[in-house]
Amino acid sequence: MFNKFSKREAKVLIPQRKANANKANSGRALIIAGSSGMFGAAILSATAAARAGAGYVLLMTDLKKFSVTKNPDFLTVDSSKARISELHFDSAAIGPGLGMSLRSKGLLLSLMKFPHSKVVVDADALNLCAKYKLAIPSHWIVTPHEAELARLINISSQEIKKKRKYYVRYAQKKLGCIVLLKGHKTLIASASSLTEVQSGNPALAKAGTGDVLTGIISGFLAQGLAPVKAASLGAFLHGYMADQWIKDENDLLSLMASDLLNMLPKAIRKIRG
């Protein structure tokens with residue numbers, strides 16, 4: 001089944017919050033991200049999850065080098081000491097700025113021991129899956145761009161670019177999970193559907209914007225959205241902000257990932273209507 005996902009569909013899915021709600025009602029998002037020189041990716045993802053509405057955001061990272069006091073909006077967990085099995089979370093995201101170390105591989109394998117968790121796999125975690133040919137649980141979401149997908153399915157990125165719809169379906173069948181292929185007209189393939197997101201522009205062609213998308217999706221998953229719905233809503237919101245950037249008379253060359261974090265509150269409000 002082929003679907004086009006627009007503002008009308010997004011409006012229906014924006015999470016609601018009751019008058020008597022508290023932080024526990026909005027879920028706990030675990031973000032496993034960041035390493036030396038790449039903590040910005042972790043901060044982008046964790047902040048995006050909080051902006052998307054997660055009641056708690058737990059950032060699992062290398063606390064020997066990460067500044068906790070400068071990032072007070074989420075809880076921190078030391079990736080070298082804590083065990084994923086000991087943590088309570090409703091969704092997880094793994095990969096942004098994580099690096100390709102054996103420790104990173106161990107964190108990914110530990111998360112895979114909980115196949116029924118709602119998980120977004122991005123960036124270095126995708127490359128670890130490709131390198132070690134790891135089996136990804138069926139309802140997990142992978143969020144590759146064309147080059148990352150090329151490594152996962154052993155097809156050239158140029159070929160994927162020519163036939164995006166064909167290869168996102170192919171990837172879904174080969175990998176067995178939900179595949180969100182970033183790029184012009186983002187595509188989301190599940191076993192039963194193919195969704196084309198009706199938002200976005202080249203302003204998003206900037207390092208860090210994908211880390212924001214990962215956090216947004218994780219935040220929606222934590223609040224109870226089903227994986228395909230969370231991926232679709234997150235991707236649409238991500239593109240909608242880039243479109244709004246242009247409407248606000250900014251140049252597409254100038255958008256930064258941190259701009260998306262600042263735009264998220266109003267963007268969600270506008271979609272909610």
Side-chain angles (χ1 to χ4, degrees), residues 26-33 42 45-46 49 52 54-61 77 79 82-96 98-144 148-149 151-154 168-182 187-195 210-211 213-235:
S26 298
R28 300 170 69 94
L30 170 65
I31 310 294
I32 307 171
S45 289
Y56 290 90
V57 177
L58 292 78
L59 175 58
M60 176 177 269
T61 194
V77 181
S79 60
R83 295 182 180 181
I84 291 175
S85 60
E86 298 172 345
L87 302 176
H88 170 53
F89 56 94
D90 299 294
S91 72
I94 183 167
L98 189 64
M100 296 287 289
S101 68
L102 290 177
R103 178 186 290 181
S104 298
K105 179 187 176 185
L107 290 169
L108 180 56
L109 290 174
S110 295
L111 192 58
M112 286 180 168
K113 292 179 182 178
F114 302 89
H116 299 297
S117 299
K118 295 179 177 180
V119 177
V120 187
V121 183
D122 186 31
D124 288 326
L126 292 173
N127 294 327
L128 287 167
C129 288
K131 181 177 180 178
Y132 296 105
K133 300 186 182 345
L134 302 179
I136 304 168
S138 61
H139 68 286
W140 285 22
I141 305 165
V142 296
T143 59
E148 290 166 336
L149 187 62
R151 290 189 280 271
L152 284 167
I153 63 175
N154 199 29
V168 74
R169 286 191 180 108
Y170 174 87
Q172 194 285 317
K173 290 178 181 178
K174 182 173 183 177
L175 300 174
C177 59
I178 297 162
V179 180
L180 186 157
L181 178 57
K182 294 182 285 197
L187 296 167
I188 301 154
S190 70
S192 59
S193 66
L194 177 64
T195 300
D211 304 323
L213 173 61
T214 295
I216 291 171
I217 296 172
S218 182
F220 288 146
L221 287 171
Q223 294 171 83
L225 265 67
V228 172
K229 292 181 179 179
S232 301
L233 177 59

Taking all atoms of both residues into account, what is the closest heavy-atom pair of [X] and [Y], and its distance?
| X | Y | value |
| --- | --- | --- |
| L152 | C129 | CD2-CB, 4.0 Å |
| A52 | G219 | CB-CA, 4.3 Å |
| P96 | D211 | CB-OD1, 3.3 Å |
| S45 | T214 | OG-CB, 4.3 Å |
| L180 | A235 | CD1-CB, 4.2 Å |

Less than 4.5 Å apart, any side-chain heavy atom of [X] and any of [Y]?
| X | Y | result |
| --- | --- | --- |
| I178 | V142 | no |
| S91 | V119 | no |
| T143 | E148 | no |
| I84 | I32 | yes |
| T195 | L187 | no |
| I31 | V57 | yes |

Do we get R28 above F89's six-membered ring, with its NZ or CZ under 6.0 Å from the centre and within 45° of the axis?
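No - R28 does not lie over the ring of F89 by the 6.0 Å and 45° rule.
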
Under the side chain to side chain contact (heavy atoms under 4.5 Å, CB included) rule, collect the residues that match up with P137, sequence neighbours excluded.
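Result, side chain to side chain contact (heavy atoms under 4.5 Å, CB included) vs P137: P115, W140.
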
Residues in side chain to side chain contact (heavy atoms under 4.5 Å, CB included) with A42, at least two apart?
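A42: side chain to side chain contact (heavy atoms under 4.5 Å, CB included) contacts with A33, L59.
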
K174 atom NZ, over 12 foreign heavy atoms within 6.0 Å:
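Check passes, neighbour count above 12.
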
For residues 102-114, dump all side-chain donor-acceptor pairs below 3.5 Å to protein atoms at least two apart in sequence or in another chain.
unit_1 : atom_1 : unit_2 : atom_2 : d
S104   : OG     : L98    : O      : 3.0
S104   : OG     : G99    : O      : 3.2
S104   : OG     : S101   : OG     : 3.2
S110   : OG     : G106   : O      : 2.9

Going by the rule side-chain hydrogen bond (donor to acceptor under 3.5 Å, both in side chains), which residues pair with N127 if we only count those two or more places apart in sequence or in a different chain?
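Listed in chain order: R151.
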
Taking S193 for the side chain and A189 for the main chain, is one N or O donor matched with an acceptor at less than 3.5 Å?
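Checked: no pair found.
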
For C177, is there any backbone N or O sitting under 3.5 Å from a side-chain donor or acceptor partner on H139?
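No, the answer is negative, given that no donor and acceptor are paired below the 3.5 Å cut-off.
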
If you measure from [atom1] on [X] to [atom2] on [Y], what distance do you get to the nearest 0.5 Å?
| X | Y | atom1 | atom2 | result |
| --- | --- | --- | --- | --- |
| S117 | I94 | OG | CD1 | 11.5 Å |
| L233 | F220 | CG | CZ | 4.0 Å |
| D90 | H88 | CG | NE2 | 5.0 Å |
| L126 | K131 | CG | NZ | 14.5 Å |

So, using salt bridge (charged side-chain N to carboxylate O under 4.0 Å, His left out) as the criterion, who are the partners of K229 when residues are at least two apart?
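Listed in chain order: nothing, the list is empty.
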
CA sep, side-chain torsions, deciding dist, call: V77, T61, side-chain contact (heavy atoms from CB on, under 4.5 Å)
CA-CA 6 Å; V77 181; T61 194; over 6 Å; no

Of the options V179, I136, I217, which is the one that meets I141 in a side-chain contact (heavy atoms from CB on, under 4.5 Å)?
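That would be I217.
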
Within residues 114-123 or reaching into it, pairs that qualify as salt bridge (Lys or Arg N to Asp or Glu O under 4.0 Å) - sequence neighbours excluded
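Listed once each, the pairs are D122-K182.
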
